[in-house]
2 protein chains.
Amino acid sequence: MARPDTRERILQAAERLFAERGFAETSVRAITAEADANLAAVHYHFSSKENLLEEVLLRRIGPIARRRLELLDALERERGERPAPVEKILEALIRPLFELGPRSSGERRRLARLFGRAFLEESAPGSKRALRRLERAYRRFYAAFRKALPELPEETLHWRVHFIFKSLPSAFLNPMRFHPAGNCDLSGRAFSDARAQERLQREWIAFAAAGLRAAAPNREEEKEGGASP
Amino acid sequence: MARPDTRERILQAAERLFAERGFAETSVRAITAEADANLAAVHYHFSSKENLLEEVLLRRIGPIARRRLELLDALERERGERPAPVEKILEALIRPLFELGPRSSGERRRLARLFGRAFLEESAPGSKRALRRLERAYRRFYAAFRKALPELPEETLHWRVHFIFKSLPSAFLNPMRFHPAGNCDLSGRAFSDARAQERLQREWIAFAAAGLRAAAPNREEEKEGGASP
DNA sequence: GTCTATAGTTAGATAGAC
DNA sequence: GTCTATCTAACTATAGAC
């Protein structure tokens with residue numbers, strides 16, 4: 001287990017600090033101190049702080065996006081002409097977050113923060129390229145859901161896929177911030193223990209699949225009063 | 001329509017800039033320039049930049065959290081001993097975001113970014129107090145769902161409420177970032193037009209209610225191989 | 001590749017006149 | 001309450017020795 005080289009140590013330190021404090025709040029000085037590297041090394045290896053952020057994001061998002069598409073491809077090949085069941089599509093969407101994500105609860109939390117920031121800073125120079133990766137995946141998954149649920153109105157399906165995609169990073173990567181009144185504390189255990197993670201995935205798949213399959217809501221044009229024209 | 005006083009102008013400018021660029025990325029100078037106020041005015045009225053952030057957040061989150069609880073109270077009074085239908089509970093959760101939120105699509109987007117940042121920066125001094133408000137609401141809503149769905153295992157319900165709460169700000173306040181392959185562009189219209197907003201609320205309530213009501217997933221302890229002991 | 005030293009900028013905060 | 005002027009501290013980035 002040799003000590004990683006300077007470049008790698010900087011990437012690791014930057015990921016940790018960007019996630020914890022934010023991009024602007026993290027100084028290059030803090031990164032190099034944490035990485036036990038010299039101040040100038042960041043500019044030598046990455047040429048700018050912005051560029052370093054981009055590398056940090058791509059290193060994480062790239063493999064997840066790739067794996068999602070791999071799983072979806074395999075699923076579609078296996079099914080041939082028949083549409084895939086929504087549960088299987090949802091599984092392709094979520095498994096990579098656990099397979100390729102960090103192991104510990106603390107690391108998982110950090111990754112959530114990192115992704116969350118990237119979404120908020122979607123137009124920032126460092127985030128753009130990384131988010132394109134996810135965008136491509138979105139279209140493929142939308143098509144798969146469309147095929148699996150041909151009876152749903154276009155707009156309804158659109159919203160449902162929207163709800164699902166939007167909730168993914170926060171629901172999965174972030175431990176629960178709010179605890180219920182009861183004594184059921186899921187935040188720590190659920191995100192670290194392998195079996196609990198399996199459980200969490202099954203819970204989410206059941207929840208999302210039911211939401212997707214629900215009958216489309218009525219399209220009452222006026223809500224109060226008002227007869228038709 | 002008199003021009004708001006300095007304090008108010010600063011609050012508005014700060015909200016806009018914090019949401020768009022982030023807290024650390026926004027200088028007090030930029031805020032006062034935008035608010036057409038003097039540099040020193042921020043420290044006179046709020047005593048620090050951190051404090052200004054706290055005021056900005058509370059001004060938005062406070063009324064929403066209050067209104068949610070009002071609606072839930074009214075619903076429970078009306079129902080008496082009988083549990084409220086999940087659709088009604090979900091409505092109490094989401095209506096205030098539209099009633100009290102900003103009118104235009106651009107403003108709504110800003111609010112989403114502001115809340116998103118607050119969640120990410122949950123432990124930062126400026127965000128803490130504002131988030132406590134939402135935390136209190138969480139417990140009340142959890143209890144209402146618990147009563148409405150007594151047959152669900154505790155942990156399953158917990159996760160479902162978790163999914164719902166986590167998805168709320170991103171799913172509602174943020175226009176869709178990714179567009180589907182089709183020509184159905186919801187991002188602009190759906191968030192500004194009043195009728196489209198009604199539609200969006202109905203879509204979400206149908207989706208979430210179905211997810212909540214789904215049968216709990218089986219509790220297979222081992223996923224692969226392994227017979228029971 | 002790694003380091004020291006520093007240039008050049010910008011930040012939050014404040015003192016004190018009005 | 002509002003303004004000007006200024007303090008002090010921190011930052012990114014780079015030049016140049018080793």
Side-chain angles (χ1 to χ4, degrees), chain A residues 2-57 59 114 117-118 120-121 123-129, chain B residues 2-59 114 117-118 120-121 123-130:
Chain A
R3 187 192 195 216
D5 63 8
T6 302
R7 190 189 143 89
E8 181 61 25
R9 291 202 315 280
I10 288 174
L11 280 171
Q12 289 173 5
E15 177 179 300
R16 193 154 50 240
L17 293 175
F18 286 159
E20 247 141 53
R21 309 181 189 173
F23 179 69
E25 290 89 342
T26 302
S27 66
V28 175
R29 281 172 166 77
I31 294 167
T32 51
E34 176 98 0
D36 189 25
N38 186 270
L39 173 59
V42 163
H43 294 93
Y44 176 77
H45 287 283
F46 302 96
S47 80
S48 78
K49 191 188 167 188
E50 285 277 1
N51 240 308
L52 170 58
L53 172 64
E54 187 171 296
E55 288 281 344
V56 164
L57 289 176
R59 217 168 55 117
L114 199 64
R117 286 184 205 281
L120 286 173
E121 248 57 67
S123 55
S127 307
K128 261 184 179 162
R129 260 182 51 199
Chain B
R3 188 192 193 216
D5 63 9
T6 302
R7 189 189 143 90
E8 181 62 25
R9 291 203 313 281
I10 289 174
L11 281 169
Q12 289 173 6
E15 177 179 301
R16 194 155 50 240
L17 293 175
F18 286 159
E20 247 139 53
R21 309 181 188 171
F23 179 70
E25 290 89 342
T26 302
S27 65
V28 174
R29 281 172 169 80
I31 294 167
T32 51
E34 176 97 359
D36 190 25
N38 186 271
L39 173 60
V42 163
H43 295 94
Y44 176 77
H45 287 284
F46 303 96
S47 80
S48 78
K49 191 188 170 190
E50 285 277 3
N51 240 307
L52 170 58
L53 172 63
E54 188 172 296
E55 289 281 343
V56 164
L57 289 175
L58 278 173
R59 216 169 54 118
L114 197 65
R117 287 183 203 283
L120 286 172
E121 250 55 68
S123 55
S127 307
K128 259 185 179 161
R129 258 181 51 197

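A note on names: the letters A, B, ... follow the listed sequences, proteins ahead of strands, and every chain is numbered from 1.
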Undergrad: For the pair made of CG in B:Asp5 and P in D:dT2, what is the distance, rounded to whole Å?
TA: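 The distance from CG of B:Asp5 to P of D:dT2 comes to 8 Å, rounded to the nearest Å.
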Undergrad: Nearest whole angstrom, please: distance from the C1' of C:dT4 to the CG of A:Leu39.
TA: 10 Å
Undergrad: Measure from CG on B:Asp36 to P on D:dG1 and round the result to the nearest Å.
TA: 18 Å
Undergrad: Does A:Asn38 reach the side chain of A:Thr32, with side-chain heavy atoms less than 4.5 Å apart?
TA: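 A side-chain contact is absent here, since even the closest heavy-atom pair is not under 4.5 Å.
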Undergrad: Just how far, in rounded Å, is C1' of C:dT10 from NZ of A:Lys49?
TA: 13 Å
Undergrad: Taking atom CZ of A:Arg59 as the centre, does the number of heavy atoms from other residues, nucleotides or ligands within less than 6.0 Å exceed 12?
TA: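 Count over threshold, so yes.
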Undergrad: Run the numbers on B:Arg129 and B:Glu55 for salt bridge (Lys or Arg N to Asp or Glu O under 4.0 Å), then give the verdict.
TA: CA-CA 10 Å; B:Arg129 258 181 51 197; B:Glu55 289 281 343; 5.9 Å; no
Undergrad: C:dT4, OP1 or OP2 - any side-chain N/O from A:Asn38 closer than 4.0 Å?
TA: yes
Undergrad: Exactly one of B:Arg16, B:Arg21, B:Glu34 should register a side chain to side chain contact (heavy atoms under 4.5 Å, CB included) with B:Thr26. Which one does?
TA: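 When B:Arg16, B:Arg21, B:Glu34 are each tested with B:Thr26, the side chain to side chain contact (heavy atoms under 4.5 Å, CB included) holds only for B:Arg21.
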Undergrad: Mapping B:His45 and B:Arg29 to their closest nucleotides on DNA chain D, which lands nearer the 5' end?
TA: B:His45
Undergrad: Nearest whole angstrom, please: distance from the P of C:dG12 to the CD of A:Glu25.
TA: 12 Å
Undergrad: If I compare all heavy atoms of B:Gly126 with all of B:Glu50, which pair ends up nearest, and what's the gap?
TA: N-OE1, 3.4 Å
Undergrad: Rounded to the nearest Å, what distance is computed from the OH atom of residue B:Tyr44 to the C1' atom of nucleotide D:dG1?
TA: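 Rounding to the nearest Å, OH of B:Tyr44 and C1' of D:dG1 are 5 Å apart.
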Undergrad: Return the value, rounded to whole Å, for the distance between atom CD1 of A:Ile31 and atom C1' of D:dC11.
TA: 12 Å
Undergrad: Look at A:His43 and D:dA15 and indicate whether a side-chain polar atom (N or O) is within less than 4.0 Å of OP1 or OP2.
TA: no
Undergrad: Which part of the nucleic acid does A:Thr26 contact within heavy-atom distance under 4.0 Å: base, sugar-phosphate only, or nothing?
TA: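 Touches sugar-phosphate only.
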Undergrad: Under 4.0 Å, counting only non-hydrogen atoms across every strand here, what does A:Ala40 touch: a base, just sugar-phosphate, or nothing?
TA: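 Answer is base: heavy atoms of A:Ala40 come under 4.0 Å of a base.
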Undergrad: Examine D:dG1: is either OP1 or OP2 under 4.0 Å from a nitrogen or oxygen in the side chain of B:Thr6? Give yes or no.
TA: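 It does not, given that no N or O in the side chain of B:Thr6 lies less than 4.0 Å from OP1 or OP2 of D:dG1.
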Undergrad: Round to a whole Å and report the spacing from CD of B:Glu8 to P of D:dT2.
TA: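 Going from B:Glu8 (CD) to D:dT2 (P), I get 13 Å.
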